[in-house]
2 protein chains.
Amino acid sequence: MSIDQLLKEHAQTKSLVKGAHAFRQGDRDESLYVVQTGLLKAYYILPDGKESIKTFLKPGSMIGSLSANYNGGACTFNLVALQDARLSQLPFTVLLEGARKSHEIAREVIEFLLALYMKKEQREYELLSLPAAERYQRLCAEDPDLIEQVTQNDIALYLGITPVALSRIKKRLQLSEDGGHH
Amino acid sequence: MSIDQLLKEHAQTKSLVKGAHAFRQGDRDESLYVVQTGLLKAYYILPDGKESIKTFLKPGSMIGSLSANYNGGACTFNLVALQDARLSQLPFTVLLEGARKSHEIAREVIEFLLALYMKKEQREYELLSLPAAERYQRLCAEDPDLIEQVTQNDIALYLGITPVALSRIKKRLQLSEDGGHH
DNA sequence: AATGCGCATTAACCCGGGTTAAGAGGAGCG
DNA sequence: CGCTCCTCTTAACCCGGGTTAATGCGCATT
């Protein structure tokens, strides 16, 4: 028994048109989503009304508000489609029950959480130690498609800066490229 | 079978005097540590030689370099005692084997990873959205003892700023306190 | 008492990013 | 065609934090 099988047997399909939300901050959506097609972003609305982007999601990504489950709270972020998207939706209860019954699923869940944690740790490291310009360059290097598909506004919010600042950074980078080679 | 029992049966005790390291960046230490007594910090040395503090550890905390295990890599950070400390050391292999055999342990591991992930997510949120002054105030509110026991230098490195900046922030805060009440 | 060391404070200067606002280029639509 | 909306760019100004360096202070050592 694996997570894939669980999905095949118990997941519902959820289709979203561009701009539609899967769930919003404050909702009590207790499901795991797996992206089949499309592109989405998970984002916070901060107390001061500003937006901060947690992550982008491409086909194959899984997401769900863990805190909505772990301690019975509400979703802490929003999930919206940047392009038409199709998701598989699986109640967390089904997943956790699966983990109780199957070692394989438990192992997969542990694996998944480990990977998730390490990605977050990597991001924390970058936020603490790298200037915005370098964070941008790394993002470009590691996921060039994303830069194409997402507005500069959203890239900036993901990097933790404003679109204006990102525009300046891009200019500086291309200047030092042009002037740099001798 | 629980993690506590595993520890009782298989863990070794490791004692550290103030300033001694449990492991260092680059080591291949594949153990889980549980703090019994003392105070420790986990920190990175950045490429430019600067230090960045990942977390402080008080009795009851667990830690270990997940990436040293998850993908057979080396430790990505250092663990050092800020005060004399006593740790329980358990090989990860024992823990993972335990999780394979016991649902209870698997559940505890999942629980632990979930909690770990949510703490990181919280920190990411704060790094992205809060100014340094507010991050400091939150830290003071949520863990006042820590502020007492740790040098201002380390507090600053944990907050992602320099000790100089933290000193300025403290001054500003106490000014706005004194001037603030009317 | 004198020396040295680590830690905290303060000041002066610089720079990156935030803020606001203006303008430029496309894309869609009447 | 002109209009609007959206995205990106650029400029001007401000401010927080980094950097460096000087100073002060407690504490340990001798």
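So you know, we letter chains A, B, ... as the sequences are listed, proteins then strands, and number each from 1. Predicted, not measured: the structure shown is a model, and the values here were computed from it.
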K.L.:
Test the R123(A)-Y158(A) pair against the cation-pi criterion, namely NZ or CZ under 6.0 angstrom from the six-membered ring centroid and within 45° of the ring axis.
P.N.:
yes
K.L.:
Which residues satisfy the side chain to side chain contact (heavy atoms under 4.5 Å, CB included) test with E104(A), sequence neighbours excluded?
P.N.:
S2(A), S102(A), R107(A), E108(A)
K.L.:
For DNA chain C, determine which residues of residues 129-139 of chain A have any heavy atom closer than 4.0 angstrom to one of its atoms, and list them numerically.
P.N.:
A132(A)
K.L.:
Among residues at least two apart in sequence or on other chains, which ones pass side chain to side chain donor-acceptor pair (under 3.5 Å) with D143(B)?
P.N.:
K58(B)
K.L.:
Using a cut-off of strictly less than 4.0 Å between a heavy atom of the residue and any atom of DNA chain C, enumerate the qualifying residues of residues 147-159 of chain B by number.
P.N.:
T151(B), Q152(B), N153(B)
K.L.:
What residues, two or more places apart in sequence or in another chain, satisfy side chain to side chain donor-acceptor pair (under 3.5 Å) together with T162(A)?
P.N.:
none
K.L.:
Considering residues at least two apart in sequence or located in another chain, which fulfil the ring pair (Phe, Tyr, Trp, His ring centres under 6.0 Å) criterion with Y33(B)?
P.N.:
F23(B)
K.L.:
Measuring to OP1 and OP2 of dT9(C), would you say a side-chain N or O of K171(B) lies under 4.0 angstrom away?
P.N.:
no
K.L.:
Once side chain to side chain donor-acceptor pair (under 3.5 Å) is applied, do any residues pair with Y44(B), and if so which ones, sequence neighbours excluded?
P.N.:
none
K.L.:
Going 5' to 3' along DNA chain D, between which two nucleotides do contacts with chain B fall, using a heavy-atom cut-off of 4.0 Å?
P.N.:
dG17(D) to dT20(D)
K.L.:
I'd like to check the ring pair (Phe, Tyr, Trp, His ring centres under 6.0 Å) partners of Y117(A); sequence neighbours left out, ordered by chain and number.
P.N.:
none
K.L.:
List for me each residue that meets ring pair (Phe, Tyr, Trp, His ring centres under 6.0 Å) alongside Y136(A), sequence neighbours excluded, and say none if there are none.
P.N.:
none
K.L.:
Among all residues two or more places apart in sequence or in another chain, which pass the side chain to side chain contact (heavy atoms under 4.5 Å, CB included) test with R28(B)?
P.N.:
none
K.L.:
What residues, two or more places apart in sequence or in another chain, satisfy ring pair (Phe, Tyr, Trp, His ring centres under 6.0 Å) together with H103(A)?
P.N.:
H103(B)
